[in-house]
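Contents: one structure, followed by commentary.
Given the structure is predicted, the values throughout are model-derived calculations rather than measurements.
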Amino acid sequence: MGLDSYPDLDPDAGEVVDAEVVVTDDVLVKAFALGPGAELTPHDHPDATNVFHVLEGTVTVVRGDDEESVDAPGVVLHERGAVHGARNETDRVAVLTASLCPLPS
């Protein structure tokens, strides 16, 4: 048994590929690979905190009306209820994980 559960994700341009990395009764960690030009549509989690961990490349993180480019390695906290999303405005694949806890009931 290996301890590394990081998935192999290979998106095309404009595509988002995701995989659940950790799922328990109180936390979810998903990996997202964003091809060039791909976007995670802004959304919120009213009852959960969400943390992005930028692992590869550069991601434009959107929070409400604010946007900021975050290079790997980077960590971005989204408090409960904050509208957030991400875009890849580069010509290379960008990879991030998103941790969500607690899981919504």
Side-chain angles (χ1 to χ4, degrees):
M1 171 174 101
L3 296 178
D4 183 5
S5 60
Y6 186 74
D8 183 21
L9 305 173
D10 187 24
D12 292 327
E15 181 181 31
V16 176
V17 177
D18 66 78
E20 293 180 345
V21 179
V22 175
V23 181
T24 70
D25 60 351
D26 61 350
V27 68
L28 169 66
V29 179
K30 286 183 77 170
F32 294 89
L34 285 69
E39 176 179 18
L40 290 176
T41 305
H43 59 282
D44 68 344
H45 306 282
D47 298 318
T49 300
N50 185 269
V51 180
F52 286 171
H53 303 264
V54 181
L55 304 177
E56 296 178 34
T58 301
V59 176
T60 300
V61 176
V62 177
R63 185 174 327 131
D65 294 330
D66 296 328
E67 297 184 1
E68 185 175 329
S69 291
V70 178
D71 297 323
V75 176
V76 180
L77 169 67
H78 303 290
E79 298 288 351
R80 293 175 187 209
V83 175
H84 59 279
R87 290 192 310 271
N88 180 359
E89 297 178 338
T90 74
D91 60 357
R92 300 181 65 178
V93 171
V95 178
L96 62 96
T97 59
S99 301
L100 185 70
C101 59
L103 287 179
S105 341

What closest approach, in Å, do [X] and [Y] show between heavy atoms, and which atom pair accounts for it?
| X | Y | value |
| --- | --- | --- |
| Ala33 | Val93 | CB-CG1, 4.3 Å |
| Pro102 | Arg80 | CD-NH2, 3.2 Å |
| Glu15 | Ala38 | O-CB, 3.3 Å |
| Val54 | Leu96 | CA-CB, 4.1 Å |

- Please check if atom CZ in Arg92 has more than 12 non-hydrogen atoms from other residues, nucleotides or ligands closer than 6.0 Å. no
- Query: Just wondering, are more than 12 heavy atoms of other shown residues or ligands nearer than 6.0 Å to CG in Asp26?
  - Reply: yes
- Counting only N and O atoms by type, is there a donor-acceptor contact under 3.5 Å from the side chain of Asn88 to the main-chain atoms of Thr90? yes
- Between the CG atom in Leu103 and the OG1 atom in Thr24, the distance rounded to the nearest 0.5 Å is 6.0 Å
- Message: Rounded to the nearest 0.5 Å, what separates atom NZ in Lys30 from atom CG in Leu40?
- Response: 9.0 Å
- Task: Please check if Val27 and Val21 belong to a single hydrophobic cluster, counting links between Ile, Leu, Val, Met, Phe, Trp and Tyr side chain heavy atoms closer than 4.5 Å.
- Result: yes
- Establish whether Val95 and Val17 are linked, either directly or via other cluster members, by ILVMFWY side-chain heavy-atom contacts under 4.5 Å. no
[X] versus [Y]: any side-chain heavy-atom pair under 4.5 Å?
| X | Y | result |
| --- | --- | --- |
| Val51 | Leu77 | yes |
| Phe52 | Val70 | no |
| Pro11 | Leu34 | no |

- Which pairs count as side-chain hydrogen bond (donor to acceptor under 3.5 Å, both in side chains) when at least one residue sits in residues 59-77, sequence neighbours excluded? Thr58-Asp71, Thr60-Glu89, Arg63-His78, Glu67-Arg87
- Task: Can you tell me which residue pairs pass the ring-ring contact (aromatic ring centres under 6.0 Å, His included) test with a partner in residues 12-33, sequence neighbours excluded?
- Result: none
- Task: Output, in order, the C-alpha distance, side-chain angles, deciding distance and verdict of side-chain contact (heavy atoms from CB on, under 4.5 Å) for Glu20 and Leu28.
- Result: CA-CA 7 Å; Glu20 293 180 345; Leu28 169 66; 4.1 Å; yes
